[in-house]
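Keep in mind it's a predicted model, so treat the numbers as computed, not measured.
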Amino acid sequence: MFSKNSLFPALLAFVLALLATGLVANLRAGEKDALAAAKGPTAHPAAAEQTTVVSEQEGIMLFLGTPLRPGDKVPEKRIGSAKMDGKLIWYRKLRIGDAIEEGQILGRLEDRLSHLDADTKEAKVAAALTDQQAAEALCFEARERYGVQERLINSGRFCGGLDDLRFAKMAYDRCNTDVRNKEQAVVVARLELKQARAVLDSYEIRSRVRGIIKAIHKHPGEAVRKLETVFVIELPEGEER
């Protein structure tokens, strides 16, 4: 059994020990806080900048991938194929984590009607060129007839009347006007073809930036609305949208 005289010093020592432990802990915590304040606020890594790739048209997704070029070496399991306008297209399948470049084709929607429209406009250009060539041939003949009559009059050997010369000049002028009209028709036909090809190209899904594919929202066979997100792209550090 402990006596009262021996118990009191023991309790006093125990209490002093607890106080000393708490004091040391507080001092250490104060030192850590002071060190953290000196270093400033903790820097957290900034979230990576992202952007989206949308579809310019609406339709059915034909394929997601980048068409293969001669010499491309791609694992067989990453190669896909799709029939477009009666032709077989081979492409490299895309997946999350793939690096892409600015302007790279990432997919294509079905575009049969746009192909037909472009083919029609191309045929119109060919027809307009044929009309222009025919008009130029007629104009050449009219100019020759008018020139012959003019030379005969100047040499005093012309046997016809002045009306014949006037009619020849009028025919030549009409042919000249017709040639100019045909030339403008060719210009218009070429502009319409250019427009049709631009619409056709808009069925391609291209990236306007370089980066890494972070998400794919659409897959082959799915319907896509105009301006709907197809890909989410993570931009390289410091890159702007």
State, with a plain yes or no, whether a side-chain heavy atom of [X] is found less than 4.5 Å away from one of [Y].
X    : Y    : value
R95  : I213 : no
H115 : L200 : yes
M170 : D173 : no
D98  : R78  : yes
E183 : L129 : no

Closest approach of [X] to [Y] (non-hydrogen atoms, all atoms of both residues):
X    : Y    : answer
A189 : V125 : O-CG2, 3.3 Å
Y91  : A82  : CE2-N, 4.1 Å
V199 : S114 : CG1-OG, 3.9 Å
A196 : D117 : CB-OD2, 3.6 Å
G65  : L94  : CA-CG, 3.8 Å
G211 : P236 : CA-CD, 4.0 Å

Closer than 4.0 angstrom, basic N to acidic O: yes or no for [X] and [Y]?
X    : Y    : result
E204 : R108 : yes
R225 : E56  : no
K218 : E228 : yes
R197 : D201 : no
E122 : K124 : no
R210 : E101 : no

Positive for side chain to side chain contact (heavy atoms under 4.5 Å, CB included) with E136, one of D178, V179, N176: V179

Hey, quick one: are [X] and [Y] part of the same hydrophobic cluster, counting side-chain heavy atoms closer than 4.5 Å, chains of contacts allowed?
X    : Y    : result
L106 : V232 : no
L109 : F231 : yes
L62  : V53  : no
L88  : V74  : yes
I96  : V230 : yes

If only side-chain N and O atoms count, and only distance matters, is there a donor-acceptor pair under 3.5 Å linking S207 with Q104? no

What's the spacing between [X] [atom1] and [Y] [atom2] if we round to 0.5 Å?
X    : Y    : atom1 : atom2 : value
C139 : R180 : SG    : CZ    : 8.5 Å
Q184 : Q132 : CD    : CD    : 10.0 Å
N181 : D131 : CG    : CG    : 11.5 Å
K93  : I216 : NZ    : CD1   : 12.0 Å
F63  : E110 : CZ    : CD    : 11.5 Å
L138 : K182 : CG    : NZ    : 10.0 Å

Side chain to side chain contact (heavy atoms under 4.5 Å, CB included) for L68 and R92? Distances and angles first, verdict last. CA-CA 6 Å; L68 294 177; R92 175 173 63 87; 3.9 Å; yes

Hey, mind stepping through T51 and L235 against side chain to side chain contact (heavy atoms under 4.5 Å, CB included) and telling me if it holds? CA-CA 7 Å; T51 187; L235 302 177; 3.8 Å; yes

Just wondering, more than 12 heavy atoms not from L116 lying within 6.0 Å of its CG?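 Enclosed.
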
Run the numbers on Q57 and S202 for side chain to side chain donor-acceptor pair (under 3.5 Å), then give the verdict. CA-CA 7 Å; Q57 296 289 346; S202 68; 2.9 Å; yes

Quick one: does E222's side chain have a donor or acceptor within less than 3.5 Å of a partner on H219's backbone? yes

T66 side chain to I105 backbone, donor-acceptor under 3.5 Å: yes

Just do the side chain to side chain contact (heavy atoms under 4.5 Å, CB included) check on I60 and V224 with the steps written out, would you? CA-CA 6 Å; I60 304 300; V224 181; over 6 Å; no

